[in-house]
Enquirer: 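Sharing a structure with you now.
Being a predicted model, the structure only gives us computed values, none of them experimental. The analysis underlying the following values was restricted to heavy atoms, covering all of them including side chains, and did not include hydrogens, waters or symmetry mates.
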Protein chains: 2
Amino acid sequence: MSGSLVVVGTGPGKPELMTPATQAALAAATDLVGYGPYLDRVPVLRADQCRHASDNRVELDRARHALALAASGRQVAVVSGGDPGVFAMAAAIFEAVESGDPVWRTLDIRVEPGVTAMLAAAAEVGAPLGGDFCAISLSDNLKSWATIERRLKAAAEADFVIALYNPASKARSHQLGEAFALLRTVKASDTPVLFVRAAGSADSKVVATLLADADASVADMRTLVIVGASTTRQVGRWIYTPRGAKS
Amino acid sequence: MSGSLVVVGTGPGKPELMTPATQAALAAATDLVGYGPYLDRVPVLRADQCRHASDNRVELDRARHALALAASGRQVAVVSGGDPGVFAMAAAIFEAVESGDPVWRTLDIRVEPGVTAMLAAAAEVGAPLGGDFCAISLSDNLKSWATIERRLKAAAEADFVIALYNPASKARSHQLGEAFALLRTVKASDTPVLFVRAAGSADSKVVATLLADADASVADMRTLVIVGASTTRQVGRWIYTPRGAKS
């Protein structure tokens, strides 16, 4: 039997947010490859399934390991959180294919979509992504801070709702504060800002504030930050962005 | 028993992409409210469940109807395609709450996240949303075309991957061509463009081309269009955007 590789996302955390297609892909795999905490979200599905847990910082090594396993004939599932195509393992797999063994290009590789963190975070508070929006990762491990600043500024000037992934980690603490400072030069001080920690999991927590008061230290590596557009507002206990406003 | 309202998304089409949480919310509802084709994706879950199908063009009326049902004590599920918070019914519900009966602000309202079309479309071709990206609806029913153009230009200049929702409908055919013309003034002519029709359904179809050759007439109301960033590229039969590139 020839090998295969499927890249899946567990969704934001709760088992009820993992799609049946992803559950089926996990059940069919002989080998699971992923960051330990994401693998821990996957129940034991079959006794003969091997788990290859790794550190979060070595995505390309993990991708190569998964591809080598598939090339050796194993049925491999690479496990991300959220959706595997959004700041997660799917892009790392194709980067590894591009720079790796030419045989890898002939492998049966597919991606299963999932519920990404910003959708779960938005659902917890209402509908803040109800208008045009963008998603920016604040991690400058793989791109320059100048590129991130350029995108933040463009998104603010064009009045997008902005979802910020990877706002902070143990190794990175200053980026979110700098991002807020930059956004304050363009967006109004009363723009809603939402910190949603562990969105879509049993222990989710929301902090809703305004851009003028947003404190970057509220965020950690499990937090998704949403900065509203000019039309984003509160109604009752919900925050939402209208679908449009003629202007 | 007091009423409640949950806004759900069926996911992109295949039942295997609807989350278990959404399935449970649908099974608990006494009333389903939604656009007919989305309601048709929901199997009959209980004999006493009422279905209120409506036309796609009357979202705010549908929202008010759903809220009135909940206020009368019914357990209402409002059914969108994809994720209900992305160019779908969740924002319409909160718009209706804001302008409607003050009692509606006291209702038990929640949103269940789902797999939105761009994630399913991306998964079909590889990982084109692997870097920073934005989502823009080309419908100018509720916002001005000038606003849309401003956002397209900003997104292109800051080198985002761009997902275009609602690229065309029976009533709107010129917007996508105008969007491509605008994007060609900023993005390189060899930028990958993906037309994914009925993403995440059994009859999905992908057309991969380049910005120079992109033909707007390929898209209809079931198509999601992805326009790459400068780094988006092909490897084997897949299209992907690297997670970053130091520049």
Enquirer: For a side-chain contact (heavy atoms from CB on, under 4.5 Å) check, start with the C-alpha distance between Phe94(B) and Ile239(A), then their side-chain angles and the critical distance, and finish with the verdict.
Expert: CA-CA 8 Å; Phe94(B) 296 112; Ile239(A) 308 277; over 6 Å; no
Enquirer: Considering only heavy atoms and a distance below 4.5 Å, find which of Gly11(A), Ala90(A), Gly126(A) pairs most often with chain B.
Expert: Gly126(A)
Enquirer: Shorter than 4.5 Å, heavy atoms on both sides: which option in Gly236(A), Ala122(A), Gly200(A), Gly131(A) has the most such pairs with chain B?
Expert: Gly131(A)
Enquirer: Taking side chain as everything from C-beta outward and backbone as N, CA, C, O, which of these in Ala135(B) sits under 4.5 Å from a heavy atom of chain A? Side chain, backbone, both or neither.
Expert: both
Enquirer: Tell me, out of Pro113(B), Pro128(B), Pro84(B), who's got the most heavy-atom pairs with chain A below 4.5 Å.
Expert: Pro113(B)
Enquirer: Give, as side chain, backbone, both or neither, the part of Leu107(A) having an atom under 4.5 angstrom from any heavy atom of chain B.
Expert: backbone
Enquirer: Between Ala92(B) and chain A, with a heavy-atom cut-off of 4.5 Å, which part of the residue counts as in contact: side chain, backbone, both or neither?
Expert: both
Enquirer: Has Arg151(A) got a side-chain atom pairing as donor or acceptor with Asp159(B)'s backbone, closer than 3.5 angstrom?
Expert: yes
Enquirer: Let me know if Met89(B) has heavy atoms under 4.5 Å from chain A in its side chain, its backbone, both or neither.
Expert: neither
Enquirer: By a 4.5 Å heavy-atom criterion (distance strictly below it), what part of Thr116(A) contacts chain B: side chain, backbone, both, or neither?
Expert: both
Enquirer: Given that the side chain runs from C-beta out, which part of Arg110(B) has a heavy atom under 4.5 Å from chain A: side chain, backbone, both or neither?
Expert: neither
Enquirer: Let me know which of Gln23(B), Met18(B), Lys14(B) forms a side chain to side chain contact (heavy atoms under 4.5 Å, CB included) with Pro20(A).
Expert: Gln23(B)
Enquirer: Please report the closest heavy-atom contact between Leu119(B) and Gly114(A), naming both atoms and the distance.
Expert: CD1-O, 3.2 Å
Enquirer: Pick one of side chain, backbone, both or neither for Thr241(A), based on which atoms fall under 4.5 Å of a heavy atom in chain B.
Expert: backbone
Enquirer: How many angstroms lie between CD in Glu157(A) and NZ in Lys153(B), if you round to the nearest 0.5 Å?
Expert: 11.0 Å
Enquirer: Taking atom CG of Leu129(B) and atom CG of Asp83(A), what is their separation to the nearest 0.5 Å?
Expert: 8.0 Å
Enquirer: Shortest non-hydrogen contact from Ala154(B) to Ala158(A)?
Expert: CB-CB, 3.6 Å
Enquirer: Heavy-atom distance under 4.5 Å to chain B: side chain of Ile109(A), backbone, both or neither?
Expert: both
Enquirer: Run the side-chain contact (heavy atoms from CB on, under 4.5 Å) check on Val115(A) and Glu112(B) step by step: do they pass?
Expert: CA-CA 10 Å; Val115(A) 176; Glu112(B) 278 292 346; over 6 Å; no
Enquirer: Chain A heavy atoms under 4.5 Å from Glu98(B): which part of the residue, side chain, backbone, both or neither?
Expert: both
Enquirer: With a 4.5 angstrom heavy-atom cut-off, could you sort out which part of Phe133(B) is near chain A: side chain, backbone, both or neither?
Expert: both
Enquirer: How long is the span from the OG1 atom in Thr147(A) to the CG atom in Asp132(B), to the nearest 0.5 Å?
Expert: 9.0 Å
Enquirer: Locate the shortest heavy-atom distance separating Ala91(B) from Ala127(A); write the atom from each residue and the value.
Expert: N-CB, 3.7 Å
Enquirer: Chain B heavy atoms under 4.5 Å from Glu95(A): which part of the residue, side chain, backbone, both or neither?
Expert: both
